[in-house]
K.L.:
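Below is a structure I'd like to ask you about.
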Amino acid sequence: MERKDLTATPLFWQLASFALFFGLWELAGRWPISFAFPPFSKTLVALLGMIADGSLLKAYQSTLQPLIIGIVLCSIIGIGFGVGMGLSRAVEWLSLPIFIVLQAAPMAAIIPLITYMYGIGITAKVLAVVVLAAPVIVMNSYKGIRNTSPSLIQMCRAFLGTKRQEVVKIILPHAAALIFAGLRLGLAMGFIGIVIAELLITPTGIGDLITYNSSVADYPKMFAAIASIVLFAALTIQALERLERKLFPPEMRGFEDVG
Amino acid sequence: MSADSIVEVKEVGKTYEGGVEALADVNVALPSGRLSTLLGPSGCGKTTLLKIIAGLIPPSRGEIWVKGKKVAGPGPERAFVFQDFALLPWGNVLRNVGFGLELRGLPKEEREQIARKHIAEVGLKSFEASYPHQLSGGMRQRVGLARALAVDADIILMDEPFSSVDEQTRRKFQEELLDLLKNRKKTVVFVTHSIEEAAYLSDQIVLLSARPGTVSKIIQPNIDREGRSPDEIRRDKNYLDAVDEIWQILKHYI
């Protein structure tokens with residue numbers, strides 16, 4: 001241990017980066033920039049308090065429910081749509097323009113409209129997640145299918161593969177990595193969707209913690225809620241990214257060109 | 001056309017969408033059990049012709065007959081070796097070699113047994129579990145060749161199979177290919193742009209003209225390969241004459 005140069009390990013610098021960030025936060029909070037900006041230490045205490053009294057766990061349960069329902073819906077319908085678009089010209093021409101617009105549009109602007117149409121219940125929140133997550137999931141599935149190497153498809157045909165075998169044995173395995181990446185990006189969008197929905201539609205879960213504590217001027221708790229959802233989303237996405245690299249190592253995805 | 005020809009190309013023409021005419025009026029018969037080469041300047045449509053014979057590209061005009069039947073698509077009597085290998089990046093050597101059999105619905109054990117035999121034949125024994133990205137270009141093409149041999153087709157269509165392999169590997173590969181074919185009754189149709197490769201390997205060389213490709217000349221080098229080393233073949237008078245004859249014709253197209 002004593003011989004090892006700590007500065008040579010990535011972990012050291014990662015920890016240093018966190019220490020620097022939290023240190024600056026602490027300083028900025030103590031300065032203070034604003035009364036509504038608590039230092040890191042108070043926020044941390046508030047976070048631990050909310051974990052201890054169970055309010056954070058309860059908030060997550062109600063936040064994650066529409067998020068998970070929304071993402072599952074997107075996975076089934078979105079991947080189905082994307083794959084359909086990739087395989088059939090008719091479906092592609094019919095729906096590609098819609099999804100290109102949807103992907104570029106600031107979808108958060110639609111959320112008030114969803115409230116107007118579907119009220120303030122869980123349906124509206126699920127829809128908010130779907131509306132944000134679906135375009136990237138569909139587009140990634142579509143691109144994954146469309147990017148299949150023409151040479152592999154020709155090979156499959158030359159060795160008498162049926163159209164079904166072509167899809168099951170060549171196209172889908174080839175697209176799997178991009179489809180999975182789409183789900184990961186979709187989940188990231190879903191986090192945005194659910195937080196906006198909880199802030200704009202009805203305050204529940206994390207959105208409620210943020211709005212309520214802001215209204216009673218308990219800023220450390222409000223910041224703790226914000227920090228916890230940021231951290232939670234970041235860790236989840238990071239974990240999915242690792243899983244993705246493990247499941248689909250780049251050299252087996254078939255994007256490398258041989259020769 | 002002679003009775004022992006297994007592939008007959010009759011007045012085949014190909015015009016691609018957009019009006020590029022790749023082939024015009026190609027007539028040629030390929031003898032059974034022999035190695036025929038399609039050779040010509042780049043862009044003469046030799047790969048297109050091979051893929052038309054394979055049934056992968058439909059001709060715009062004319063017909064292909066294989067074993068007395070008109071070609072309407074790929075068939076079990078033809079196997080293809082691709083220029084870019086076309087291996088499944090997510091499949092190991094065993095899966096790739098057995099892939100043609102897998103598509104035909106052979107049970108796993110049976111196809112793996114056949115695949116192992118052909119893996120050994122092309123000199124890749126002990127690489128069964130390797131993935132394409134772990135193999136060199138030459139080894140990848142051996143996998144491609146083993147896959148074509150595994151489906152036991154009468155005709156093997158090879159599209160510039162050695163073009164992405166370095167010169168030394170290429171020579172060794174050519175020698176091994178002749179060895180592999182010696183004791184089988186396979187018909188091979190081989191596309192190449194290398195004059196030496198064509199002369200060294202072929203029983204019959206079909207010279208195509210520049211685009212739109214059409215048969216310019218058919219050369220039968222008549223090299224006696226029986227019991228002779230590769231170096232002796234490369235010094236054979238018939239081999240050298242064939243190389244010279246091809247060059248005299250091809251240089252007009254360049």
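To find a chain, count down the sequence lines: A is the first, B the second, and so on, and within it residues start at 1. Just so it is clear, the structure is predicted and the values come from calculations on it, not from any experiment.
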K.L.:
So is B:Lys125 actually on top of B:Phe127's ring, under 6.0 Å and inside 45° of the axis?
P.N.:
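The answer is no, since B:Lys125 fails at least one limit relative to B:Phe127.
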K.L.:
Sort B:Phe80 into side chain, backbone, both or neither according to what part of it lies under 4.5 angstrom from a heavy atom of chain A.
P.N.:
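Looking at B:Phe80, backbone and side chain both touch chain A.
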K.L.:
Within residues 142-155 of chain B, which residues come under 4.5 Å of chain A, heavy atom to heavy atom?
P.N.:
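Hits under 4.5 Å: B:Arg147, B:Ala148, B:Val151.
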K.L.:
Find the one option among B:Gly75, B:Gly55, B:Gly73 whose heavy-atom pairs under 4.5 Å with chain A are most numerous.
P.N.:
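Max contact count across the listed options: B:Gly75.
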K.L.:
Between B:Arg140 and B:Pro132 (side chain of the first, backbone of the second, donor and acceptor by atom type, cut-off under 3.5 Å), is there such a pair?
P.N.:
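Indeed, once roles are kept as given, a pair shorter than 3.5 Å links the two residues.
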K.L.:
Would B:Gln83 and B:Ser163 satisfy side-chain hydrogen bond (donor to acceptor under 3.5 Å, both in side chains), going step by step from the backbone distance to the final call?
P.N.:
CA-CA 7 Å; B:Gln83 181 178 8; B:Ser163 68; 3.0 Å; yes
K.L.:
When you measure from the side chain of B:Ser202 to the backbone N and O of B:Ile205, does any donor-acceptor pair fall under 3.5 Å?
P.N.:
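Looks like no, no N/O pair under 3.5 Å.
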K.L.:
Which atoms of A:Ile153 are under 4.5 Å from chain B, going by heavy atoms: the side chain, the backbone, both sets, or neither?
P.N.:
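Neither part.
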K.L.:
Decide, yes or no, whether a salt bridge links B:Glu175 with B:Arg171 under the criterion of side-chain N to carboxylate O below 4.0 Å.
P.N.:
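Answer for the salt bridge query: no.
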K.L.:
Write down the atom of A:Ile171, the atom of A:Leu87, and the distance for their closest heavy-atom approach.
P.N.:
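Between these two residues, the closest heavy atoms are CD1-CD2, 3.9 Å.
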K.L.:
Would you say that more than 12 heavy atoms from the other residues, nucleotides or ligands in this model lie under 6.0 Å from the CZ of A:Phe21, or not?
P.N.:
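No, the 6.0 Å shell around CZ holds no more than 12 heavy atoms from other groups.
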K.L.:
As an exercise: rank B:Pro76, B:Gly91, B:Ser136 by heavy-atom pairs under 4.5 Å with chain A and give me the winner.
P.N.:
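Answer, by heavy-atom pair count under 4.5 Å with chain A: B:Pro76.
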K.L.:
Check whether B:Gln141 gets within reach of chain A through its side chain, its backbone, both or neither, counting any heavy atom under 4.5 Å.
P.N.:
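For B:Gln141, neither part sits under 4.5 Å from chain A.
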K.L.:
To the nearest 0.5 Å, what is the distance between CZ on B:Arg184 and CG on B:Leu180?
P.N.:
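B:Arg184 CZ to B:Leu180 CG: 5.5 Å, rounded to 0.5 Å.
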K.L.:
For residues 232-244 of chain A, give me every residue with a non-hydrogen atom less than 4.5 Å from any non-hydrogen atom of chain B.
P.N.:
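Listed by number, there are no contacting residues, so the answer is none.
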K.L.:
Which bit of B:Leu101 comes within less than 4.5 Å of chain A, counting heavy atoms only: side chain, backbone, both or neither?
P.N.:
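For B:Leu101, there is no contact with chain A at all, as no heavy atom is under 4.5 Å.
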K.L.:
Is there a donor-acceptor pair under 3.5 Å between the side chain of B:Thr15 and the backbone N or O of B:Glu21?
P.N.:
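A pair under 3.5 Å: no.
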K.L.:
Say you draw a straight line from OG1 of B:Thr37 to OH of B:Tyr200; how long is it, rounded to the nearest 0.5 Å?
P.N.:
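That separation rounds to 13.0 Å.
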K.L.:
Would you check if there is a donor-acceptor pair between the side chains of B:Ser32 and B:Lys185 at a distance under 3.5 Å?
P.N.:
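Side-chain D/A pair, B:Lys185 to B:Ser32: absent.
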K.L.:
For the side chain of B:Ser5 and the backbone of B:Glu8, is there at least one donor-acceptor N/O pair under 3.5 Å apart?
P.N.:
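Checking the backbone N and O of B:Glu8 against the side chain of B:Ser5, no donor-acceptor pair under 3.5 Å is found.
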